[in-house]
Amino acid sequence: MKDKKTDWGLTPLEKLREEMDALDRELSLLLQKRLDLVTRIADYKKENHIQVLDRGREEKVIENVLSVLQNPEYAQCLKLTYEGIMAQSREFQTKRLSSSSTSPKKYALIGEKLSHSLSPRIHSLFFEKAGLKATYLLKEVPRDQLAGLLDRLKEEGHAGINITIPYKTELMSALNFISNEARNIGAVNTILLGEEYRGYNTDYYGFGMALDHHGLSYEGKRCAVLGSGGSSRAVIAFLKDHGASEIHLVTRNPQEAKQKFPDLPCTDIKAFTASGFDLVVNTTPVGMSSHSQASPLTEDQLKGAGAVMDLIYNPKETVLLSYCRALCIPCANGLFMLVAQALCAQEIWQGYKVSPGMIEEIYEELNRS
C-alpha cells in the first residue's frame, strides 16, 4: 500500500523520521556535553591516580536512568544503551589518560630475589597491543626496606605493582582495601596504587581461566593439589568456590599442611597415588628450570589420573608432564595461567576489560617462542 502524503507534503513515515532526526541532533549535543564531563573526570582521575573503572558508579548511573523510566517496555533497551555509552566513556578516558601522559606509566614486579621472569615481556606485549605508554620492571626489595614501600613507589610514579614471594602477605597490612578472593586466600599479588592502596589476587582468576582454556574440568570433580605453599592457596580457593567435590592436599609434611588447611584431607606425597582423582594440580617448584630433571610424582604414582595441570611454565614440558604424555593423561603447563593472571592485573590497573582474544594472542606468541 502506498503511503499517503500529509498536509505538509510528507508521508507519515517521513514525518516520523523528520522528528527522529531532530531528536538525534538534540541527543548528539547532550552526548557531547556528557563527553565534556567525561574528559574533566578523566583529567581528575589522572591527577589523583584513580582507576578508570568504577563498577559501583556505573550501577548508580543505570539506577538513575531507569528511575525516570515512563514505559517499562523500554527498560532493557535503555539499560543496554547506557551500558554501551559507559563502555565508550571508559575507552575514551583510558585513551585520554594514556595520550595525555607526559611520561610512561610505571608498573613493577616486587620481590626479595627475582630471577629471570616472563612478566616484563607479557606486560610489554600488552602495552604494545593496547597502545599504552608504560613500563614494567623487576624490582628486588630487601625485607628491611618494606616499611613505607608503597608510599615510595607511588611517589616514584608507579600506578600499580605485582608482588611475588615472600611478600604476598607482608604488604597486606599497608592496604586500604583487600578483595574478597585475596582475603580468603590470605595473599595479594596485585596492588593498585591510586587514591587508596587496593590489593587483589589475580592468580585465583588466572588459574580458573587456564583450566577453562585447556578444557580441564573441576566442577563436581575429585581434585588433588600437590604442595601447601603460597601458590596452592589460590588454587584451593578457586576449586572450593567453583564446586570441586573433594580437594585433597598432598605434601611432604602433612602435619604442617593440616595446620594451614585444617578442613582438607592431607596425604604424604610418598604414599600418594593419583588413581581416582579427576584433576591433579602441581603447585610445588619441583621440576622448574633449575631442577628440570625432577618430578613431584613418579610415573607409577600418576597412573589413573584424569588430568594434570603443572603450574610450572619453564621448562615448557616438565618431567611430570612428560610422564602424563606417556600415560596419555590430558595435561597442561602454567603458561596460560601466567598470561591470564598478568592481564587480570592490567584490567585492575587500566580499569577496563581485556578481551579474551588478546590473552590468547599473547599466550600463543609466548608459546611459540
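Note that the numbering runs from 1 along the sequence shown for the chain.
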Could you check whether atom [atom1] of [X] has more than 12 heavy atoms from other residues, nucleotides or ligands sitting under 6.0 Å from it?
X    : atom1 : result
R143 : CZ    : yes
R222 : CZ    : yes
R17  : CZ    : no
Y82  : OH    : no
E73  : CD    : no

If we only count heavy atoms from C-beta on, is the [X] to [Y] side-chain gap below 4.5 Å?
X    : Y    : answer
F127 : K133 : no
C77  : T81  : yes
Q350 : L132 : yes
V188 : N201 : no
K353 : E347 : yes
T39  : F92  : yes
I362 : M358 : yes

Does either side chain, that of [X] or that of [Y], offer a donor lying less than 3.5 Å from an acceptor on the other one?
X    : Y    : answer
D212 : Y218 : yes
H123 : Q346 : yes
D151 : Y197 : yes
R34  : S89  : yes
T251 : N253 : no

Verdict with supporting geometry, K60 and N64, side chain to side chain contact (heavy atoms under 4.5 Å, CB included): CA-CA 6 Å; K60 289 179 181 178; N64 181 51; over 6 Å; no
Is the backbone N or O of T298 less than 3.5 Å from a side-chain atom of S295, with the two atoms forming a donor-acceptor pair by type? no
Using 4.0 Å as the upper bound for N to carboxylate O, is an ion pair formed by [Y] and [X]?
X    : Y    : result
E317 : R325 : yes
E299 : K303 : no
R121 : E128 : no
K316 : D310 : no
K168 : D203 : yes

For E18, which residues count as a salt bridge (charged side-chain N to carboxylate O under 4.0 Å, His left out) partner, sequence neighbours excluded?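 Residues passing salt bridge (charged side-chain N to carboxylate O under 4.0 Å, His left out) with E18: K15.
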State, to 0.1 Å, how close [X] and [Y] come at their nearest heavy-atom pair, and which atoms those are.
X    : Y    : answer
Y352 : A130 : OH-CB, 3.8 Å
L192 : A159 : CD1-O, 3.7 Å
L226 : T283 : O-OG1, 2.6 Å
L279 : M309 : CD1-N, 4.5 Å
I312 : G287 : CD1-C, 3.7 Å
I359 : A340 : CG2-CA, 4.3 Å

List the steps, then state whether salt bridge (charged side-chain N to carboxylate O under 4.0 Å, His left out) holds for E156 with K106. CA-CA 8 Å; E156 292 171 5; K106 294 181 180 179; 5.8 Å; no
Under 3.5 Å, side-chain donor or acceptor atoms of residues 134-142 against the rest of the protein: list the pairs with distances, not counting sequence neighbours.
from : atom 1 : to   : atom 2 : distance (Å)
Y136 : OH     : N162 : OD1    : 2.7
E140 : OE2    : L114 : N      : 2.8

The test is side chain to side chain contact (heavy atoms under 4.5 Å, CB included); show your working for R57 and V61 and say whether it passes. CA-CA 6 Å; R57 169 59 185 163; V61 170; 3.7 Å; yes
With rounding to the nearest 0.5 angstrom, report the [atom1] to [atom2] distance, [X] to [Y].
X    : Y    : atom1 : atom2 : result
R40  : L35  : CZ    : CG    : 13.0 Å
E83  : M86  : CD    : CE    : 6.0 Å
L297 : T273 : CG    : OG1   : 9.0 Å
D278 : E219 : CG    : CD    : 12.5 Å

Centroid-to-centroid, Y107 to F126, below 6.0 Å?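 For Y107 and F126, the ring centres are not under 6.0 Å apart.
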For residues 230-239, run the donor-acceptor check on the side chains, cut-off 3.5 Å, and write out each pair with its distance to 0.1 Å, sequence neighbours left out.
from : atom 1 : to   : atom 2 : distance (Å)
S232 : OG     : G229 : N      : 3.4
S232 : OG     : G229 : O      : 2.6

F177 ring centre to R198 NZ or CZ under 6.0 Å, with the angle to the axis within 45°? yes
